[in-house]
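Each chain gets a letter, A, B and so on, in the order its sequence line appears, and its residues count up from 1. Values below: every heavy atom of this structure, side chains too, minus hydrogens, waters and symmetry copies. No experiment lies behind these values; they were computed from the predicted model shown.
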Amino acid sequence: MKRDTMINIIAAVLLIIITVVFLFPIYWTFQLSVKPPQLCLTNPPTFFFQPTLDHYVYVFIDPGRNAMNLVSGIIESSVATLLAFFLGYPASYAFSRFNFKGRASLMFWYLSLLLTPPVIFTIPHYMLMTTLNLRGTYASVIILFQTFAIPLSIWLMKSFIDGIPREIDEAALLDGSGWGRLLFTIILPLAAPGVAVSMAFTFIFCWNNLIFPLIMTEGPTKPLSLATFEYFTVTGATWNYIGVCAFVTTIPPLILFLILRRYIVRGLTFGAVKA
Amino acid sequence: MKGPYKLLIFPSFILLLFLIAYPLAFSLYYSFFFWNLAVSHEPLGFVGLDNYVTVLSDPRVGKATMITLILAVVATSIELALGLGIAVLLDRDFRGVGLFRALLVMPTAIAPVVAGLIFRYMFYQGIGMGFFPWFLHTIGIGTPERGILGDSSTALFGVMLSMIWRWTPFFAITTLAGLKSVPVELLDAAKVDGASGYTLFRYIKLPYARKVMLIVFIIAFMMHFNTYDEVYAMTRGGPGDATTTLSYLLYREGLIYYNIGVASAMTWLIAIILLIAVNLYFKVTFKGEEI
């Protein structure tokens, strides 16, 4: 027992060090966002200083150059997530409940899209959206997000719907319920926690995506992460504003990760590993 | 059960089919044409397999493939090893270990492009100095004159470090889930038989975690193979071609140089490599399993 306590103490000390090392870059971004400009790149680094909110004011309020980018990012990721739900939920139900020819291959096809480098889709879509005059609109990004949002939400939602006993479906059908009613008023409430988790992960994947907004959005429709690059200019970088944008971009996924603790493994392995 | 599965799947399927098939068909078709948007709005002529020959004989493609593979193999291996080590620590049972599990996973939540920006700031060396060069100088290690990201011998290392930072916690928590998947009865039985901590780990827990680690390794390997965001944020493929991954090369060829024909051929070569890798993933993950 005593030896075990010793090992636990050593493990705890090591974990404290590791955690500090891994969280340091996040802290360093935060402190950059509240640091006086002249202290951004001092040698040695300045650890203690009087924090200021000026950079947040500049970026989001006065003149608020990037307030619209924050809103755009939220709109694009949220609407894409909702669309992926409406298209994906019926499919995930079908994959969970029905055994039909080609079911496994079709599911694999969906999954393979999650592992494909998105860059191979960009050039044709760039040209198509340009021809259709859709570049610079929310719609173009929201549609392109579906290449991964639909497969991701289908695989995650299916892994949760699998856990709902089939007897419920059978009983409802015997009672004369139609498929629409079964899916949306009987199964959906039961699957709601799992669906919420799936949607949260879909949102994070959209929010963290770079390449589709990069080729599709311009000016105010750029999400915040992409707009950050406007602060790199030929005369140098305005690191404080970059820090504000970078830190604010990380807040939504960080909060969702804290809430979703128990499901992170499942979410990030597309439902393949259930912790 | 029987039911209207076609109707339920059809809407998502048709949209995806369009989103995927259209680009692939477009790329296949125009990979046989000479088409540079900077020269003309229309393809200038059928060139047969010339674009493929160009791609395969272009030394930059070979170099980008090497860089991509080095990045994927080295970074993913380091992450796997570090992740296993951290998972072993997180697997211990003491008060407060849950807090470490919750905190350590944070870097995984961060957008790759933001991670790139953060590390670009930390690597900065020029007028003033970022955290890393200061730290290295302090412990007596010199950095290149143009900074770690500005020197072709160290830039890839810098990109890799930001990926290792973001992915190691992912390996740690997934491996932990694998270690925790051993049935309690099995652990108890082994303990009754007098198995020590190391034996438990080596002969019971690790074999249970192996499959999870393999799945996660392949997912991570492919994500590293697709590396684009960090490169865009940190180095734009430079200096020279030192950090140009295949994804970045394709992007540059198509959307900066507007070489649609060549980029289309490249798309198909990458798609074929990918097809092989994805099949491997399915074989490992779903071997003889109901999905």
Side-chain angles (χ1 to χ4, degrees), chain A residues 8 11-12 14-15 18-19 22-23 25-26 28-29 32 41-45 87-88 90-91 93-94 97-98 100 104 107-108 112-113 115-117 119-121 123-126 146-147 150 179 208 210-211 215 225 228 239 242 246 249-250 253-254 257-258 261 264-265 268-269 272-273 275, chain B residues 1 3-5 8-9 11-12 15-16 19 22-23 26-27 86 89 92 94 100 102-107 109-111 113-114 117-118 121-122 124 128-131 134 165 169-170 173-174 177 212 215-216 219 222 226 228-229 247 250-251 254-255 260 263 267 270-271 274 278 282 285 291:
Chain A
N8 278 346
L14 284 175
L15 281 175
I18 293 167
T19 308
F22 274 92
L23 295 192
I26 300 175
W28 206 239
T29 316
L32 173 64
L41 290 160
T42 53
N43 181 14
L87 292 170
Y93 178 84
R97 291 305 199 245
F98 307 129
F100 51 89
M107 282 202 73
F108 283 148
S112 67
L113 300 180
L115 303 169
T116 309
V119 74
I120 72 173
F121 305 130
I123 297 162
H125 281 307
Y126 174 88
Q146 301 307 314
T147 49
I150 288 178
W179 289 102
N208 284 356
L210 168 74
I211 190 122
I215 59 164
S225 55
T228 314
W239 288 106
I242 293 166
T249 303
T250 64
L254 280 186
F257 258 49
L258 277 177
R261 271 203 311 286
I264 289 173
V265 172
L268 294 177
T269 57
V273 180
Chain B
M1 280 167 69
Y5 65 87
L8 297 175
I9 295 172
S12 72
L15 178 61
L16 274 183
L19 286 173
Y22 166 73
F26 176 102
S27 301
I86 296 172
L89 295 175
R92 298 203 63 85
F94 56 85
F100 290 119
L103 285 178
L104 250 177
V105 76
M106 292 289 118
I110 286 171
V113 59
V114 171
L117 286 171
I118 294 174
Y121 168 60
M122 292 177 77
Y124 183 84
M129 195 175 264
F131 183 85
W134 165 78
W165 173 65
F170 169 73
I173 53 151
T174 47
V212 174
I215 294 174
V216 167
I219 291 179
M222 303 195 48
N226 302 346
Y228 174 86
D229 302 14
S247 278
L250 174 55
Y251 166 81
L255 293 174
I260 306 300
T267 297
I270 295 179
L274 191 92
V278 170
F282 291 154
T285 312
I291 55 161

Under 4.5 Å to a heavy atom of chain A? For L274(B) that would be side chain
One option among P45(A), P253(A), A94(A) has the most heavy-atom pairs under 4.5 Å with chain B, and it is P45(A)
Do I120(A) and S27(B) have side-chain heavy atoms sitting under 4.5 Å apart?
-> no
Chain A shares the most heavy-atom pairs under 4.5 Å, among L8(B), I219(B), L250(B), with L8(B)
Whatever's closer than 4.5 Å to a heavy atom in chain A on V105(B) counts as both
State, with a plain yes or no, whether a side-chain heavy atom of Y228(B) is found less than 4.5 Å away from one of P117(A). no
Across all chains, not counting sequence neighbours, the side-chain contact (heavy atoms from CB on, under 4.5 Å) partners of T29(A) are A246(A), F247(A), I118(B)
Turns out that what part of F22(A) lies under 4.5 Å from chain B's heavy atoms comes down to both
Honestly, the part of M106(B) sitting under 4.5 Å from a heavy atom of chain A is both
* Please work out whether the ring planes of Y5(B) and F100(A) are parallel, tilted or perpendicular, with thresholds of 30° and 60°. => parallel
Using 30° and 60° as the class boundaries, would you call the ring planes of F94(B) and F100(B) parallel, tilted or perpendicular? perpendicular
If one checks every heavy atom of I150(A) against chain B at 4.5 Å, the contacting part turns out to be side chain
Turns out that what part of L103(B) lies under 4.5 Å from chain A's heavy atoms comes down to both
Whatever's closer than 4.5 Å to a heavy atom in chain B on R261(A) counts as side chain
Looking only at I123(A), N8(A), L32(A), N43(A), most heavy-atom pairs under 4.5 Å shared with chain B are made by N8(A)
| message | Could you tell me if the side chain of F26(B) sits less than 4.5 Å from the side chain of H125(A), heavy atoms only? | response | no
Any non-hydrogen side-chain atom of T269(A) less than 4.5 Å from a side-chain atom of V216(B)? yes
In terms of heavy-atom pairs under 4.5 Å with chain B, the winner among F121(A), F98(A), W179(A), Y126(A) is F98(A)
Cut-off 4.5 Å, heavy atoms of chain A, and the answer for Y251(B) is both
Pair count under 4.5 Å, heavy atoms only, with chain B: among G88(A), P44(A), A11(A), S225(A), highest is P44(A)
Any non-hydrogen side-chain atom of L89(B) less than 4.5 Å from a side-chain atom of I18(A)?
yes
So, the part of T249(A) with a heavy atom under 4.5 Å from chain B: the answer is side chain
Per-residue tally against chain A (heavy atom, under 4.5 Å) across I260(B), D229(B), T267(B) peaks at D229(B)
Under 4.5 Å to a heavy atom of chain A? For L15(B) that would be side chain
* Asked: Would you call L15(A) and L104(B) a side-chain contact if the rule is heavy atoms closer than 4.5 Å?
  -> yes
